[in-house]
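Have a look at the structure below, then the notes.
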Number of protein chains: 2
Amino acid sequence: MEPVKAQKTLVEQTYDILLDAICSGEIQPGERLNQDDLAVRLNVSRQPVNSAISILRAQRLVADTGRRGVVVAPIDMAMFQSIHEMRQKLDPFAAELACLRKPDTAPDEAAAILDRGARALAQQDARALLQADVDFHAMLYRWSGNTFLEGAMALGWNHTRRFMAVALRTPSAPQIVWTEHRAILERVMARDTDAAAALMRDHLENAIDRLGFRDETGAPR
Amino acid sequence: MEPVKAQKTLVEQTYDILLDAICSGEIQPGERLNQDDLAVRLNVSRQPVNSAISILRAQRLVADTGRRGVVVAPIDMAMFQSIHEMRQKLDPFAAELACLRKPDTAPDEAAAILDRGARALAQQDARALLQADVDFHAMLYRWSGNTFLEGAMALGWNHTRRFMAVALRTPSAPQIVWTEHRAILERVMARDTDAAAALMRDHLENAIDRLGFRDETGAPR
DNA sequence: GACCTGTCTTTCGTATACGAAATTCGGATG
DNA sequence: CATCCGAATTTCGTATACGAAAGACAGGTC
């Protein structure tokens, strides 16, 4: 028999819902989080809401106002550039590691994610496309076998999703993105570390151009 | 006049105390966190303790037992190796960025940290030495101007401190560590990106050897 | 004596209660 | 009419209360 599944606590459920609302832009940056209001809307007491907000605060997804309560953290261009700067180092690294350590289920997973990307592309579903993009990169982090990298980047994606939700109403050249994704995965499957890392580097370089901003603070390449 | 300082909430204070107790090994890995007990000892109600634990859980510093309550997360060698693997990429990168973006106060800060390291070295104070080591690297992360890197690594150091607290009772060759630290800072001050990054790479390579373990999973160099 | 089972105790998650600080707003003052 | 001040209201942080589930234990059964 199957052991019963430990159901999530109200704190976790509340956290998950708030996280998604913040990252999807459903709650706008700068908007206040009213605990009473949220408690009523989520049909819980204020206690789980309060705890969930404590977690979000530790993750810098909400900010103290110094007065009363918290607001959704403003979209911080510097934060986004920080993440992207880090990804330029870590995504190729993760691709290398994934070549070496990918699990046996990799082919199936790869096929599934490419399929999901292709379908979102065909249906011009921007939201599904963004989610598939997140999942693609998260999958490589997972394959890298580096749990810390995986966790750190999970947080990074939450911030990135926020940024995308407001800045990227027009998905720029998504078919190219997924062609690149496919090429990267193909090299990972072949355990071709150098090529996978190189393709990933190009992928991120191109992403910068597509998003139309470039780091002017002089990061080394 | 100075604006009054918003004093920390009980949740934050509780979190800080628990974090330090966990990272320093004062509360052993696997040990249970009893909310009532902690509340009494910290002279607060269970409510702030409960919230603080929620944050620690999100950071994987405590783990659910599936039954009742949480325990301090066991020392996870894989987690530590993950962090070290990532640092091999990120610390040299941070050093490069620090060369380009270090603040004007850098010389003073550098002098202070080197002095602190030297004193801890002279007094053979292992705890102060570990803290100075943490602070040295954290300083470079800060100088890198990459806020996300800084935040992610702050979490990493918490895990690392835990590991050090149990595994590294004998500080191995600390004088060499600080000679290397001094050399790195000297290159950062001279804005010599390539040399700073190279020295940092060596520093981490050496650290692996000193700690007596090596990654056998085949990470690329 | 070993093991089962029902009950008591502990401890958690969550709800509610309460005091304090922040904000709002109306009336007094110029 | 604009401005200031203080009471009323809102909303937060924290304390306490309560129900449920886990663990401990004792008495009964074989």
Side-chain angles (χ1 to χ4, degrees), chain A residues 1-19 21-22 26-74, chain B residues 1-19 21-22 26-74:
Chain A
M1 288 196 294
E2 280 295 296
V4 297
K5 60 197 178 299
Q7 54 204 358
K8 287 194 171 185
T9 66
L10 294 189
V11 174
E12 285 175 87
Q13 293 184 59
T14 304
Y15 169 79
D16 288 342
I17 292 171
L18 288 181
L19 179 66
I22 289 171
E26 187 180 330
I27 311 179
Q28 291 282 317
E31 198 171 329
R32 276 200 44 199
L33 293 182
N34 183 312
Q35 298 187 357
D36 280 313
D37 182 42
L38 290 171
V40 171
R41 294 213 322 228
L42 301 182
N43 194 33
V44 295
S45 78
R46 261 186 51 225
Q47 159 68 19
V49 175
N50 189 297
S51 284
I53 287 177
S54 289
I55 299 173
L56 292 170
R57 188 188 348 234
Q59 297 175 340
R60 309 236 180 189
L61 284 164
V62 301
D64 281 307
T65 60
R67 316 266 172 184
R68 191 157 38 171
V70 298
V71 296
V72 174
Chain B
M1 288 196 293
E2 280 294 295
V4 297
K5 61 199 178 298
Q7 55 205 359
K8 287 193 169 183
T9 66
L10 294 189
V11 175
E12 285 175 87
Q13 293 184 59
T14 303
Y15 169 79
D16 288 342
I17 291 172
L18 288 181
L19 179 65
I22 290 170
E26 187 180 330
I27 312 179
Q28 291 282 317
E31 199 171 327
R32 276 199 45 200
L33 293 183
N34 183 313
Q35 298 187 358
D36 280 312
D37 182 42
L38 290 171
V40 171
R41 293 211 325 226
L42 300 182
N43 194 34
V44 295
S45 78
R46 262 187 50 226
Q47 159 68 21
V49 175
N50 190 295
S51 284
I53 287 177
S54 289
I55 299 173
L56 292 169
R57 184 181 359 228
Q59 297 174 340
R60 309 238 177 185
L61 284 164
V62 301
D64 280 307
T65 60
R67 316 266 170 184
R68 192 158 34 171
V70 298
V71 296
V72 174

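In what follows, every chain begins at residue 1, and chains take the letters A, B, ... in the order their sequences are listed.
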- Message: Give me the atom names and distance for the closest heavy-atom approach of B:V71 to B:R32.
- Response: CG1-CG, 3.5 Å

- Message: Tell me every residue that passes side-chain hydrogen bond (donor to acceptor under 3.5 Å, both in side chains) with B:D64, counting only those two or more places apart in sequence or in another chain.
- Response: B:R57

- With sequence neighbours left out, write down each residue that passes salt bridge (charged side-chain N to carboxylate O under 4.0 Å, His left out) with A:D36, or none if nothing qualifies. none

- Message: Give me each pair satisfying salt bridge (charged side-chain N to carboxylate O under 4.0 Å, His left out) with a member in residues 40-49 of chain B, each pair once, sequence neighbours excluded.
- Response: B:D37-B:R41

- CG of A:L10 versus P of C:dT16: gap in Å, rounded? 12 Å

Every protein N/O lying under 3.5 Å from an N/O of nucleotides 19-26 of chain C:
unit_1, atom_1, unit_2, atom_2, d
C:dT23, O4', A:R68, NH2, 3.0

- Query: Does B:L10 have any side-chain contact (heavy atoms from CB on, under 4.5 Å) partners at least two apart in sequence or in another chain, and if so, which?
  - Reply: B:Q13, B:V44, B:P48

- Task: Report the distance from atom CG of A:D64 to atom P of D:dC12, rounded to the nearest whole Å.
- Result: 12 Å

- Task: Please state how far atom CG in A:L33 lies from atom P in D:dT11, giving the value in whole angstrom units.
- Result: 13 Å

- Kindly write out the residues that satisfy side-chain contact (heavy atoms from CB on, under 4.5 Å) with B:I17, not counting sequence neighbours, or none if the list is empty. B:L42

- Note on the structure: Which of B:L61, B:I53, B:N34 passes side-chain contact (heavy atoms from CB on, under 4.5 Å) with B:V70? Answer is B:I53

- Mind checking what makes side-chain hydrogen bond (donor to acceptor under 3.5 Å, both in side chains) contact with A:S51, not counting sequence neighbours? B:S51

- Item | Residue list, side-chain contact (heavy atoms from CB on, under 4.5 Å) with A:E12, at least two apart or on another chain | A:K8, A:T9

- Protein-nucleotide distance (A:Q7, atom CD; C:dC12, atom P), rounded to Å: 18 Å

- Using heavy atoms and a sub-4.0 Å distance, could you list which residues of residues 34-51 of chain B are near DNA chain C? By number, please. B:N34, B:Q35, B:D36, B:R46, B:N50

- Item | Divergence of helical axes at both termini of the helix from C:dG1-D:dC30 to C:dG30-D:dC1 - five pairs an end, 10° steps | 10°

- Query: Looking at residues at least two apart in the chain, or sitting in another chain, which of them share a side-chain hydrogen bond (donor to acceptor under 3.5 Å, both in side chains) with B:T14?
  - Reply: none

